[in-house]
Amino acid sequence: MKRFVGLLVVATILVLILVFITNPELISKIWLYLVGFIGYIVVLAEKGFRSLKGAFKKDEMNKEESKQEAATSTPIVPKGPLPEVAHLDQKIQQLEAKIGSSQAEGQPLAAGTVTVLRYMDDGETTLGLLFLRNKFFAYTLEDTFREEKVKHETRIPAGKYQLDFNRQVTPMTERYRNRMPWFDFHLEIKEVPHFSQIYIHIGNTHSDTSGCMLIADGVSAGLPRSIVQSTLAYEKFYKIIHGLLQSNEQVTIQVHDEDWIKKSKITTI
């Protein structure tokens, strides 16, 4: 086998020598073809190297852009509660300890299942605190107080009212049902003098209410006055009151004006 290969190589060399002698131009063409082929390989390798280099650079640029996007899209985390809100939280904790205690010489605050203590009215919006069975539950927002009622822009008077379903199916009822599968009927504050269809519902500012009471989990110190995370608070509140009403429990709401501290003789808050 080795001998055969050796003979083949010798024969090939002899053929090439004969071709070179008889036709030297053919050898030149073959040489030029080999040189051109090698050049093509070199160019192809260079392009491949450049492509790989560009891909690594692009990857690094993408990483840098991602870092910049992450930096710019990172939400600004509040450093802490605003002083006004923090002060309010402190007041709420103190109130929870006192609201259930009867005041011998003053007006009891917790006279209903639900107690609302209005604490601020800026002439446009009334903010308050809602307690459910003497435990703070949510913030409230209503229209402002007016000596003479202006329709859709006046809060209800302070007092104790029944809280029950309004079993009429209105367009608003249909919207709530479509939006929230657990919703049945609106919760209405019943028999309010000179007012009708006063509901407790979802909303954020005075423009979301027409004399009704909005509830939420948070309050904003900015202007216009507003409450935040209303839907979450409303769902929790609705499900509790819905359960009480379904069990035939009489549910009442006691609403106090801003003078509740004086009337209840709570002077240490």
Side-chain angles (χ1 to χ4, degrees), residues 111-132 136-180 182-220 222-245 250-258 260:
T113 314
V114 179
T115 303
V116 175
L117 304 179
R118 293 165 170 161
Y119 67 88
M120 192 197 74
D121 184 344
D122 64 359
E124 189 175 56
T125 300
T126 299
L127 294 178
L129 308 172
L130 186 148
F131 294 81
L132 180 58
F136 174 70
F137 192 88
Y139 295 90
T140 63
L141 187 147
E142 301 170 88
D143 286 316
T144 187
F145 166 79
R146 299 182 191 277
E147 290 287 349
E148 295 186 6
K149 177 184 173 183
V150 177
K151 193 173 182 180
H152 304 306
E153 298 180 6
T154 307
R155 76 188 193 190
I156 63 173
K160 184 178 180 180
Y161 308 102
Q162 184 182 358
L163 186 61
D164 202 349
F165 293 123
N166 182 325
R167 297 187 182 275
Q168 294 181 346
V169 179
T170 64
M172 186 176 178
T173 309
E174 295 287 359
R175 285 200 302 273
Y176 268 61
R177 285 180 176 179
N178 292 333
R179 182 178 172 185
M180 297 168 286
W182 42 264
F183 183 83
D184 196 1
F185 294 100
H186 275 290
L187 295 174
E188 181 180 2
I189 303 176
K190 299 283 189 177
E191 299 180 356
V192 180
H194 311 297
F195 287 81
S196 62
Q197 295 183 323
I198 299 300
Y199 301 137
I200 297 177
H201 62 82
I202 296 168
N204 300 109
T205 68
H206 70 91
S207 61
D208 297 327
T209 177
S210 298
C212 295
M213 184 177 292
L214 313 179
I215 65 172
D217 278 342
V219 62
S220 173
L223 295 175
R225 300 293 181 183
S226 62
I227 52 178
V228 295
Q229 296 182 325
S230 180
T231 303
L232 291 175
Y234 181 75
E235 180 178 353
K236 290 185 291 184
F237 181 76
Y238 185 90
K239 288 181 176 177
I240 292 174
I241 301 301
H242 185 277
L244 295 177
L245 294 175
Q250 185 177 19
V251 179
T252 57
I253 179 169
Q254 176 79 50
V255 181
H256 294 275
D257 281 341
E258 290 82 352
W260 54 267

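What's counted below: heavy atoms across the whole structure, side chains too, no hydrogens, waters or symmetry copies. Each residue takes its place number in the sequence, starting with 1.
Using modelled atom types, one side-chain atom of T140 and one backbone atom of G128 make a donor-acceptor pair closer than 3.5 Å.
The side-chain heavy atoms of Y238 and Y176, taken from C-beta on, include no pair separated by under 4.5 Å. The closest side-chain heavy-atom distance from I200 to I253 is below 4.5 Å. Two residues are said to be in side-chain contact when any heavy atoms from C-beta on lie closer than 4.5 Å; L130 and V114 meet this criterion. By the 4.5 Å heavy-atom criterion applied to side chains, F195 and I189 are not counted as neighbours. Two residues are said to be in side-chain contact when any heavy atoms from C-beta on lie closer than 4.5 Å; D143 and V150 fail this criterion. Side-chain contact check for L214 versus H201: some heavy-atom pair is nearer than 4.5 Å. Here the side chains of V251 and L187 are not in contact, with every heavy-atom distance at 4.5 Å or above. Under the 4.5 Å side-chain criterion, counting only non-hydrogen atoms from C-beta, L129 is in contact with Y139.
Across all their heavy atoms, L127 and R225 have their closest contact at CD1-CD, 4.2 Å. Taking every heavy atom of both residues into account, S210 and I198 meet most closely at O-CD1, 4.5 Å. Between N166 and E188, the shortest heavy-atom distance links the atoms ND2-OE1, 2.9 Å. Looking at every heavy atom in both residues, A138 comes nearest to A233 through CB-CB, 4.5 Å. Nearest heavy atom pair, residue E124 against residue H206, reads CD-NE2, 3.2 Å. Closest approach of I156 to G211, counting heavy atoms only: CG2-O, 3.7 Å.
Taking the charged nitrogens against the carboxylate oxygens, R155 and D257 do have a contact shorter than 4.0 Å, which makes a salt bridge. Note on E148 versus R146: no salt bridge recorded, every NZ/NE/NH1/NH2 to OD/OE distance being 4.0 Å or above.
Between atom CG of residue D208 and atom CD1 of residue I227 there is a gap of 8.5 Å, rounded to the nearest 0.5 Å. Between atom OG1 of residue T113 and atom CD of residue Q162 there is a gap of 10.0 Å, rounded to the nearest 0.5 Å. Residue R118 holds its CZ atom at 7.0 Å from CD of E258, rounded to the nearest 0.5 Å. Of the inter-residue distances, the one linking T209 atom OG1 with I202 atom CD1 reads 13.0 Å to the nearest 0.5 angstrom. A distance of 12.5 Å separates OG of S196 from CD of E191, quoted to the nearest 0.5 Å. For the atom pair H186 NE2 and M172 CE, the distance stands at 4.0 Å (nearest 0.5 Å).
Not counting sequence neighbours, R175 has no partner by the salt bridge (Lys or Arg N to Asp or Glu O under 4.0 Å) test. Applying the salt bridge (Lys or Arg N to Asp or Glu O under 4.0 Å) test to K236 and every residue at least two apart in sequence or in another chain returns D217.
The 12-atom threshold is not exceeded at CD of Q250, counting heavy atoms of other residues, nucleotides or ligands nearer than 6.0 Å. Residue Q168 qualifies as open at atom CD: its count of foreign heavy atoms under 6.0 Å is 12 or below.
A donor-acceptor contact closer than 3.5 angstrom is absent between the side chains of S226 and N204.
Between F136 and F131, the ring planes lie perpendicular to each other; the angle is over 60°, past the 30° to 60° tilted range.
Within the structure, every pair that satisfies the ring pair (Phe, Tyr, Trp, His ring centres under 6.0 Å) test and touches residues 155-174, not counting sequence neighbours, is listed here: F165-H242.
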